[in-house]
Amino acid sequence: MASSFPPLSRDFYDRPVTIVAQEVLGKLLVGKEGRRLTVGRIVEAEAYLSCGDDACHAAKGPSRKNAAMFGPPGHAYVYVIHARHCVNLVTEPTGVPSAVLVRALEPLSGLDLMHERRGTEVVLDLARGPARLCEALAIDRTLNGWDLTRGQKLWLADDPAATPFEIRTSPRIGVTSAFDLPLRFYVAGNRFVSKLKRGEF
DNA sequence: CTACCGATTGACT
DNA sequence: GTCAATCGGTAGA
């Protein structure tokens, strides 16, 4: 393997969720199934807050489904919605239920495998959208609670080829409450960001 | 047990 | 632009 993609440490996740949601932009999300790697650059993410955020799955207290959000930072919270998977990165200290939803990736490596899993030849559709990227990286609920600092199956890594970019902010996509909070962050000018409207770039 | 819902997607007008 | 399929989680009978 040309690059080993060392995983980000737990310290990266053990910070305020709105900070992490912006700092994950430009990081690499690495999926490993057996010996096969799929890698994408995170270009869009949303923060879900532990307090005052009705759209957060933890807003009504702990349950079997959201237990991972109450656990230690640096673990995955995977849930199912509309028969599709979405992945979050748990942030802040144990007991503080906040997380970053990864909404879109720019595919970098393992494109053949992503095409195979997604059933499309369109590169733009491989990982643009929270459920699409999960399908592209084979993320399902067996990875709920997975420790992202292990460097196995699923983790985050720095991009050795990172270049500066501008961060844009907007309300979150699809939420049915707290839709006024500006907690969605994305890389300006990147085509792999989901749900771009006319005039946004 | 049944009923309803959603941090979505893809097909269609 | 609109709309319905999809299915695990959750609430309620």
Side-chain angles (χ1 to χ4, degrees), chain A residues 13 16-22 24-25 29 31 40 42-71 73 75-92 96-107 114-146 148 154 156 168-187 191-200:
Chain A
Y13 305 94
V17 63
T18 52
I19 301 293
V20 180
Q22 292 170 78
V24 293
L25 297 180
L29 185 62
I42 299 176
V43 297
E44 179 184 357
E46 290 178 354
Y48 287 85
L49 312 181
S50 61
C51 295
D53 182 3
D54 288 339
C56 180
H57 287 171
K60 293 175 182 171
S63 69
R64 187 191 189 96
K65 167 184 167 183
N66 67 23
M69 287 183 82
F70 288 84
H75 289 243
Y77 164 48
V78 180
Y79 68 96
V80 177
I81 187 163
H82 296 285
R84 292 172 164 100
H85 299 278
C86 296
V87 66
N88 293 251
L89 318 170
V90 176
T91 61
E92 306 193 46
V96 182
S98 63
V100 172
L101 171 68
V102 183
R103 281 199 58 91
L105 303 178
E106 176 179 347
M114 294 189 195
H115 279 121
E116 183 183 314
R117 289 169 176 158
R118 291 277 301 121
T120 176
E121 297 301 311
V122 183
V123 176
L124 204 57
D125 288 341
L126 287 182
R128 185 185 43 145
R132 288 168 169 169
L133 72 90
C134 282
E135 194 172 19
L137 301 210
I139 298 167
D140 61 24
R141 96 192 114 116
T142 65
L143 288 175
N144 188 30
W146 184 257
L148 301 168
L154 184 68
L156 261 65
R168 293 280 160 83
T169 304
S170 85
R172 293 172 293 187
I173 302 289
V175 295
T176 54
S177 57
F179 35 76
D180 51 324
L181 299 176
L183 294 176
R184 171 172 174 253
F185 306 98
Y186 60 95
V187 174
R191 301 179 324 240
F192 293 90
V193 174
S194 74
K195 306 271 183 169
L196 280 178
K197 298 172 188 165
R198 267 176 71 87
E200 286 180 327

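The chains referred to below are lettered A, B, ... by the order of the sequence lines, with proteins before strands, and numbering in each begins at 1.
Here the side chain of A:Lys195 is nearest to one of B:dA7, B:dT9, B:dT8, namely B:dT9. Between C:dA5, C:dG9, C:dG8, one nucleotide has an atom nearer to the side chain of A:Val80 than all others, and that is C:dG8.
We find that CG of A:Asn66 is positioned 18 Å from P of C:dG8, with the value rounded to whole Å. Summarising the geometry, the separation between CG on A:Asn88 and P on B:dA7 is reported as 12 Å, rounded to the nearest angstrom. Taking atom CZ of A:Arg172 as the reference point, atom C1' of B:dT8 lies 16 Å away to the nearest angstrom. Protein atom CG of A:Leu196 is 13 Å distant from nucleotide atom P of C:dG1, rounded to whole Å. Spacing between atom CD of A:Glu44 and atom P of B:dT8 amounts to 10 Å, rounded to whole angstrom units. When rounded to the nearest whole Å, the span between OH of A:Tyr48 and C1' of B:dA7 equals 4 Å. Taking atom OH on A:Tyr77 and atom P on B:dA7, their separation rounds to 10 Å, with Å as the unit. For the pair A:His82 NE2 and B:dC4 P, the computed distance is 16 Å after rounding to whole Å.
Salt bridge annotation for A:Arg117-A:Glu135: absent, with no cationic side-chain nitrogen under 4.0 angstrom from a carboxylate oxygen.
Across all strands, A:Arg84 comes closer than 4.0 Å to base atoms (heavy-atom distances). Using a 4.0 Å heavy-atom cutoff across all strands shown, A:Lys60 reaches no nucleic acid atom at all. Within the nucleic acid shown, A:Asp125 has no heavy atom closer than 4.0 Å to any nucleic acid atom.
Searching all strands for a Watson-Crick or G-U wobble partner of B:dC4 with both distances below 3.5 Å returns C:dG9.
Here CD1 of A:Ile42 is found 4.5 Å from CG of A:Leu156. Values are rounded to the nearest 0.5 Å. Taken to the nearest 0.5 Å, the CZ atom of A:Arg132 stands 14.0 Å off from the CE atom of A:Met114. Summarising the geometry, atom OG1 belonging to A:Thr176 is positioned 9.5 Å from atom CG belonging to A:Asp54; distances are rounded to the nearest 0.5 Å. Distance check, rounded to the nearest 0.5 Å: CD of A:Glu46 to CG of A:Leu181 gives 11.0 Å.
Here A:Arg118 reaches the OP1 or OP2 of B:dG10: one of its side-chain N or O atoms lies under 4.0 Å away. For A:Arg184 and B:dA7, the shortest distance from a side-chain N or O to OP1 or OP2 is not below 4.0 Å. Contact annotation: A:Arg132 reaches the phosphate of B:dG10 (side-chain N/O to OP1 or OP2, under 4.0 Å). A:Ser63 has a side-chain polar atom (N or O) that falls below the 4.0 Å cut-off from OP1 or OP2 of C:dT10.
Between A:Ala131 and A:Ile81, it is A:Ile81 whose nearest contact on DNA chain B lies nearer the 5' terminus.
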